[in-house]
Amino acid sequence: MSRLERVPVQQIAKTTKATPTAKVYRPVRLSASRRVAMVDTNSRTTLGIGGSIQRSVSDCSFKPVRTRTEAVIDGRTLPPTDVFLFLGFSVLFQAVGFLLFGALGDYGGLRKQVYAVTTWVGSAALVCCIAVNPDRWWLGGVLLIISNLFFGISVLMYNAWLPLLVEAHPIFRALSPTTPTEERRKVYDDLAGSMSATGTIYGLGGGLLCLIITLPVAFAINSEDAFRANVVIAGVWWFFFSLHSIIYLKKRPGPPLPVGTSYAKHSVKEFWTTIRRLKQLASTAKFLFCWFLFSDGVGVIGATAVLFANTEVDWGCIPKVLGITVLLIGTPIFAILGLIIADRQSKKRGWEPKWIIIGSLCIISLVPIYGLIGFATDDFGFHHGWEMFVGMVFFATPVGVVFSYSRSYFANVIPSGYESQFFSIFELTDKGSAIVSPIIVSQIAGGGSDFRYVFIYELLMLLIPIALLIPLDPQLAHEQANAYAIKHVRSLDKRSSNGTPEVDDAGLGEQPYKIKHETVV
């Protein structure tokens with residue numbers, strides 16, 4: 001491993017003294033390995049990506065002036081906000097993919113087929129990143145778009161299994177047709193919430209384990225090789241741990257795709273038909289709008305936290321890389337703890353998913369509120385490293401709860417037989433907001449403004465949906481979904497003489513779509 005190029009302490013002190021309020025970063029490019037070293041003349045720290053941190057002084061009380069970071073890669077300057085904007089551009093392609101292929105999972109056995117193919121192609125794209133280097137930088141962008149596109153579609157198909165698995169659960173199947181609708185909905189909510197929380201816990205745990213495996217690689221070898229190695233590890237991880245679901249999940253087929261219709265054409269037609277019919281599902285549409293807002297607010301907090309910690313925070317005696325590493329590892333740990341607590345308390349106290357979501361968003365909103373205090377004082381408001389650790393707890397503990405219970409709530413307010421179609425809209429609204437937010441954040445952070453103005457945007461994206469969620473009626477949304485399923489039933493749905501769906505004897509076998517919460521009055 002190449003040694004880091006260091007700047008003498010005297011030279012740093014001289015620079016700082018000459019310009020006490022300047023925002024100074026000097027990129028030092030190591031030609032031998034083409035690595036990037038960042039010299040922060042205000043905090044007197046030399047950082048090599050993939051290397052180590054060497055503090056030049058032992059005075060932990062030294063307070064640096066807030067700085068901006070720019071990366072120099074193979075002679076090209078690339079601000080972090082531009083990277084953030086480029087990621088948002090890749091999400092645009094993902095949104096197009098939802099539009100073109102979102103409804104396919106509702107037909108025949110296409111859900112499982114699409115899930116398997118997108119998993120294999122997406123993971124292969126990550127493995128192919130081993131061929132990326134500064135001379136082929138464009139290849140990294142292409143592979144990023146491909147992996148993001150196929151990952152999003154695979155998650156869409158995966159989520160669309162949730163309502164089907166709940167309906168096939170023995171507890172739900174044991175309910176009598178005469179069971180009151182409210183009681184059936186309560187059982188459904190409990191099962192969906194528990195399944196969604198359990199799946200999210202396993203996902204966060206797997207992501208944490210993968211992160212722990214890849215972090216030593218990042219410090220053991222130089223930056224370019226570490227990037228390639230870790231992306232390849234992620235691709236192999238994705239492929240290997242998806243095999244269980246690909247092998248064991250049942251197809252649970254829907255009606256056949258209409259004869260003479262192409263996949264993409266029919267998916268787009270179904271999408272616009274559903275959009276036109278959303279007025280029949282007014283409560284579901286209102287939740288989608290709220291989801292559009294708060295998923296963006298929560299996502300922006302998570303996406304900008306590391307950038308903020310790297311450019312705006314005085315870490316004192318704590319090495320910056322160590323502090324950021326703790327944030328990255330601690331976030332999934334506290335998210336798992338939050339999900340476990342929410343799942344147990346919701347069962348014990350009978351909390352509805354709507355109020356769990358609202359309560360979690362209220363807790364998360366404390367993060368941008370506290371950050372705004374930093375405008376008034378330098379003592380509090382995320383100026384110091386220890387504050388980032390506290391903020392991580394308040395953000396990470398409810399963040400998994402928000403996404404998990406939003407998924408389970410949505411599964412309960414969509415029509416049976418249209419799971420993939422509506423979850424494509426669910427994912428599209430999420431990714432749609434992810435296209436807008438990078439533009440706004442890049443304008444704030446990259447235009448010379450104080451990064452803290454991002455907190456205002458984050459807070460608005462949380463408070464507005466909280467206010468809109470409070471009057472929302474889940475029971476009304478549930479009834480509207482059932483009425484929609486009856487009115488627009490697809491041909492493969494089987495009905496008995498009383499209008500309720502027929503069920504195969506196997507219960508958990510290959511069965512067509514059915515209306516989920518009979519009886520409908």
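Below, all heavy atoms of this structure are taken into account, side chains as well, without hydrogens, waters or symmetry copies.
Remark: Ala342 engages Val401, Tyr405 in a side-chain contact (heavy atoms from CB on, under 4.5 Å) (not counting sequence neighbours). For the ring-ring contact (aromatic ring centres under 6.0 Å, His included) test, no residue two or more places apart in sequence or in another chain qualifies with Phe271. In this structure, the ring-ring contact (aromatic ring centres under 6.0 Å, His included) partners of Phe389, at least two apart in sequence or on a different chain, are Trp315. Qualifying ring-ring contact (aromatic ring centres under 6.0 Å, His included) partners for Phe395, counting only residues two or more places apart in sequence or in other chains: none. When the side-chain contact (heavy atoms from CB on, under 4.5 Å) test is applied to Ser154, the partners found at least two apart in sequence or on another chain are Tyr115, Thr118, Thr119, Phe151, Trp238. Residues meeting the ring-ring contact (aromatic ring centres under 6.0 Å, His included) test with Phe98, sequence neighbours left out: none. Residues satisfying the side-chain contact (heavy atoms from CB on, under 4.5 Å) criterion with Val117, sequence neighbours excluded, are Val121. Take Glu183 and apply the salt bridge (Lys or Arg N to Asp or Glu O under 4.0 Å) test, not counting sequence neighbours, and it matches no residue.
Of all non-hydrogen atoms in Met388 and Ala305, the two that sit nearest each other are CE-O, 4.0 Å. Residues Tyr158 and Gly199 approach most closely at OH-CA, 4.3 Å, considering heavy atoms. Here the closest heavy-atom approach between residue Asp189 and residue Asn412 is recorded as OD1-ND2, 2.7 Å. The two residues Glu387 and Gly381 come nearest to each other via the heavy atoms OE2-N, 2.9 Å.
Rounding to the nearest 0.5 angstrom, the gap separating the OG atom in Ser360 from the CZ atom in Phe294 is 9.5 Å. Rounded to the nearest 0.5 angstrom, Leu469 CG and Ile357 CD1 are separated by 6.5 Å. Rounding to the nearest 0.5 Å places CD1 of Ile324 at 4.5 Å from CG of Asn310. Taken from OG in Ser365 to CD1 in Ile466, the straight-line distance is 5.0 Å, to the nearest 0.5 Å. Here Ile146 contributes atom CD1 and Leu149 contributes atom CG; the two are 8.0 Å apart, rounded to the nearest 0.5 Å. With rounding to the nearest 0.5 Å, the separation of OG1 in Thr274 from CD in Gln421 is 3.5 Å.
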Let me see the working for Ser123 and Val236 under side-chain contact (heavy atoms from CB on, under 4.5 Å), right down to the final yes or no.
CA-CA 7 Å; Ser123 58; Val236 174; over 6 Å; no
Decide side-chain contact (heavy atoms from CB on, under 4.5 Å) for Leu372 and Leu459; before the verdict, give the C-alpha distance in whole Å, the side-chain angles of both, and the deciding distance to 0.1 Å.
CA-CA 10 Å; Leu372 291 174; Leu459 185 59; 4.0 Å; yes
Applying side-chain contact (heavy atoms from CB on, under 4.5 Å), run through Phe150 and Gln94 and close with a yes or a no.
CA-CA 8 Å; Phe150 286 94; Gln94 196 177 72; over 6 Å; no
Working for side-chain contact (heavy atoms from CB on, under 4.5 Å), residues Ser408 and Met195
CA-CA 8 Å; Ser408 64; Met195 284 185 182; over 6 Å; no
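Between the side chain of Glu479 and the backbone N or O of Ala477 there is no donor-acceptor pair closer than 3.5 Å. Not one N or O on the side chain of Arg344 forms a donor-acceptor pair closer than 3.5 Å with the backbone of Leu339. Arg228 places no side-chain N or O within 3.5 Å of a backbone atom of Cys129 that could act as its donor or acceptor partner. At least one donor-acceptor pair closer than 3.5 Å links the side chain of Gln480 to the backbone N or O of Ser283. The backbone N or O of Pro415 lies less than 3.5 Å from no partner atom in the side chain of Asn482, so there is not a single donor-acceptor pair. Of the possible donor and acceptor atoms, one in the side chain of Asp106 sits under 3.5 Å from a partner among the backbone N and O of Ser420. Side-chain atoms of Ser196 never come within 3.5 Å of backbone atoms of Ala192 as a donor-acceptor pair (strictly under, hydrogens ignored).
By the 4.5 Å heavy-atom criterion applied to side chains, Lys251 and Arg111 are not counted as neighbours. Between Ser406 and Phe287, the closest side-chain pair of non-hydrogen atoms falls below 4.5 Å. Val313 has its side chain within reach of Phe308: a pair of non-hydrogen atoms, C-beta onward, lies under 4.5 Å apart. For the pair Ile275/Leu278, a side-chain contact is recorded, criterion being any heavy-atom separation below 4.5 Å from C-beta on. With contacts defined as side-chain heavy-atom distances shorter than 4.5 Å, the pair Ile356/Ser346 qualifies. Between Leu143 and Leu126, the closest side-chain pair of non-hydrogen atoms is not below 4.5 Å. In this structure, the side chains of Phe239 and Ile246 stay at 4.5 Å or more apart for every pair of heavy atoms. Counting heavy atoms from C-beta on, the side chains of Val232 and Trp237 never come closer than 4.5 Å.
For the residue pair His266 and Tyr107, a side-chain donor N or O sits within less than 3.5 Å of a side-chain acceptor on the partner. Under 3.5 Å, the side chains of Glu458 and Thr304 contain a donor-acceptor pair of N or O atoms. No donor-acceptor contact under 3.5 angstrom links the side chains of His383 and Glu312, judged on distance only. Asn159 and Glu427 form a side-chain donor-acceptor contact under 3.5 Å, judged by distance and modelled atom types alone.
Relative ring orientation between Trp291 and Phe426 is described as parallel, the plane-to-plane angle staying below 30° on a 0-90° scale split at 30° and 60°. Ring geometry for Phe292 versus Phe289: interplanar angle under 30°, hence parallel rather than tilted (30 to 60°). The aromatic rings of Tyr248 and His244 are tilted relative to each other, their planes meeting at an angle between 30° and 60°.
By the 6.0 Å contact criterion, NZ on Lys112 is enclosed, its count of non-hydrogen atoms from other residues, nucleotides or ligands being greater than 12. Around atom CZ of Arg277, more than 12 heavy atoms belonging to other residues, nucleotides or ligands sit under 6.0 Å away.
Taking the six-membered ring for Trp and the full ring otherwise, the centers of His478 and Tyr188 sit at least 6.0 Å from each other. Here the two rings, on Phe334 and Phe394, have centers that are 6.0 Å apart or farther.
Judged as a side chain to side chain donor-acceptor pair (under 3.5 Å), the pairs with a partner in residues 198-211 (not counting sequence neighbours) are, in order, Thr200-Arg407. For residues 331-342, the set of pairs meeting the side chain to side chain donor-acceptor pair (under 3.5 Å) definition, not counting sequence neighbours, is empty. Listed by first and then second residue, the salt bridge (Lys or Arg N to Asp or Glu O under 4.0 Å) pairs that reach into residues 346-373 are Arg185-Glu352, Asp343-Lys347, sequence neighbours excluded. Contacts classified as ring pair (Phe, Tyr, Trp, His ring centres under 6.0 Å) and involving residues 348-375 (residues at least two apart or in different chains) are given here: Tyr370-Phe382, Phe375-Tyr453.
When each of Leu164, Leu191, Val187 is tested with His169 by the rule side chain to side chain contact (heavy atoms under 4.5 Å, CB included), just one qualifies, namely Leu191.
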